[in-house]
Engineer: 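Dropping a structure here in structure tokens format, bear with me for questions.
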Amino acid sequence: QVQLMESGGGLMWPGGSLRLSCSASGMATEFYTSGWYRQAPAKERELVAVMPFGGPATLADFIQGRTSISRDDKQNSVLLQIHNLRPDDTAVYFCNLEENGKSYWGQGTQVTVFS
């Protein structure tokens with residue numbers, strides 16, 4: 001079955017850059033959609049960026065211009081980059097993968113931007 005593992009979270013400085021990586025395994029093919037979501041305390045989970053096989057990526061309006069997403073189908077990994085971090089970027093970030101109508105989630109990684 002599909003398994004996802006996020007890495008790269010932690011404590012960040014305002015104005016800095018974030019790089020989160022998701023390593024995926026167990027997919028049937030490379031034709032899956034992968035992306036990143038985040039959830040701040042007392043808020044609903046929200047989409048940050050998503051990218052289907054072959055692109056193009058879709059970025060949330062609130063973070064477009066500061067965020068990029070890329071995927072390496074040979075390594076089955078998905079990378080999220082956020083620049084010019086601000087305190088309201090603080091959240092648990094989740095890797096997501098959709099394949100054959102099913103959705104899979106990583107365990108989440110905490111990102112805290114100093115305020």
Side-chain angles (χ1 to χ4, degrees):
Q1 56 271 11
V2 174
Q3 296 184 160
L4 307 174
M5 182 66 69
E6 304 99 331
S7 63
L11 302 176
M12 309 290 175
W13 290 105
S17 296
L18 171 69
R19 294 176 177 84
L20 298 178
S21 179
C22 175
S23 179
S25 63
M27 294 78 70
T29 70
E30 295 182 338
F31 306 104
Y32 54 82
T33 295
S34 58
W36 288 88
Y37 293 73
R38 71 185 188 185
Q39 186 168 16
K43 297 181 68 175
E44 296 293 324
R45 182 180 61 192
E46 61 184 358
L47 184 145
V48 178
V50 63
M51 189 172 191
F53 177 81
T58 298
L59 306 177
D61 290 340
F62 69 88
I63 207 164
Q64 193 167 17
R66 298 193 295 125
T67 299
S68 65
I69 184 172
S70 61
R71 54 188 281 171
D72 185 340
D73 292 325
K74 294 184 180 296
Q75 299 293 325
N76 289 326
S77 63
V78 185
L79 177 68
L80 177 72
Q81 296 182 311
I82 304 178
H83 304 289
N84 194 23
L85 288 165
R86 55 198 64 169
D88 61 4
D89 290 324
T90 295
V92 177
Y93 285 71
F94 296 91
C95 180
N96 171 259
L97 186 147
E98 296 181 358
E99 183 183 51
N100 296 327
K102 296 183 179 180
S103 183
Y104 305 90
W105 298 91
Q107 79 287 352
T109 182
Q110 177 70 48
V111 174
T112 301
V113 182
F114 294 127
S115 62

Engineer: If the condition is ring-ring contact (aromatic ring centres under 6.0 Å, His included), which residues does Tyr32 pass it with, not counting sequence neighbours?
Structural biologist: none

Engineer: ring-ring contact (aromatic ring centres under 6.0 Å, His included) between Tyr37 and Phe94: does it pass, once the steps are laid out?
Structural biologist: CA-CA 5 Å; Tyr37 293 73; Phe94 296 91; 8.8 Å; no

Engineer: Asn84 side chain to Gly16 main-chain N or O, any donor-acceptor pair under 3.5 Å?
Structural biologist: no

Engineer: Please check: side-chain N/O of Gln107 versus main-chain N/O of Met5, any donor-acceptor pairing under 3.5 Å?
Structural biologist: no

Engineer: Holding to ring-ring contact (aromatic ring centres under 6.0 Å, His included), I want the full list of residues that pass it with Phe62, two or more places apart in sequence or in another chain.
Structural biologist: none

Engineer: Going by salt bridge (charged side-chain N to carboxylate O under 4.0 Å, His left out), name the residues that satisfy it together with Glu30, two or more places apart in sequence or in a different chain.
Structural biologist: none

Engineer: Name all residues meeting the salt bridge (charged side-chain N to carboxylate O under 4.0 Å, His left out) criterion together with Arg66; count only those two or more places apart in sequence or in a different chain, and write none if there are none.
Structural biologist: Asp89

Engineer: Give a yes or no answer on whether the side chain of Thr90 reaches the backbone of Val113 with a donor-acceptor pair at less than 3.5 Å.
Structural biologist: yes

Engineer: Has the side chain of Glu98 got a donor or acceptor atom that lies under 3.5 Å from a matching backbone atom of Thr33?
Structural biologist: no

Engineer: Not counting sequence neighbours, which residues clear side chain to side chain contact (heavy atoms under 4.5 Å, CB included) with Asp88? List them please.
Structural biologist: Arg86

Engineer: Are Asn96 and Ser103 close enough that a side-chain donor and a side-chain acceptor fall under 3.5 Å?
Structural biologist: yes

Engineer: Tell me the ring pair (Phe, Tyr, Trp, His ring centres under 6.0 Å) pairs involving residues 66-89, sequence neighbours left out?
Structural biologist: none

Engineer: Do Glu99 and Thr29 make a side-chain contact, defined as non-hydrogen atoms from C-beta onward lying under 4.5 Å apart?
Structural biologist: yes

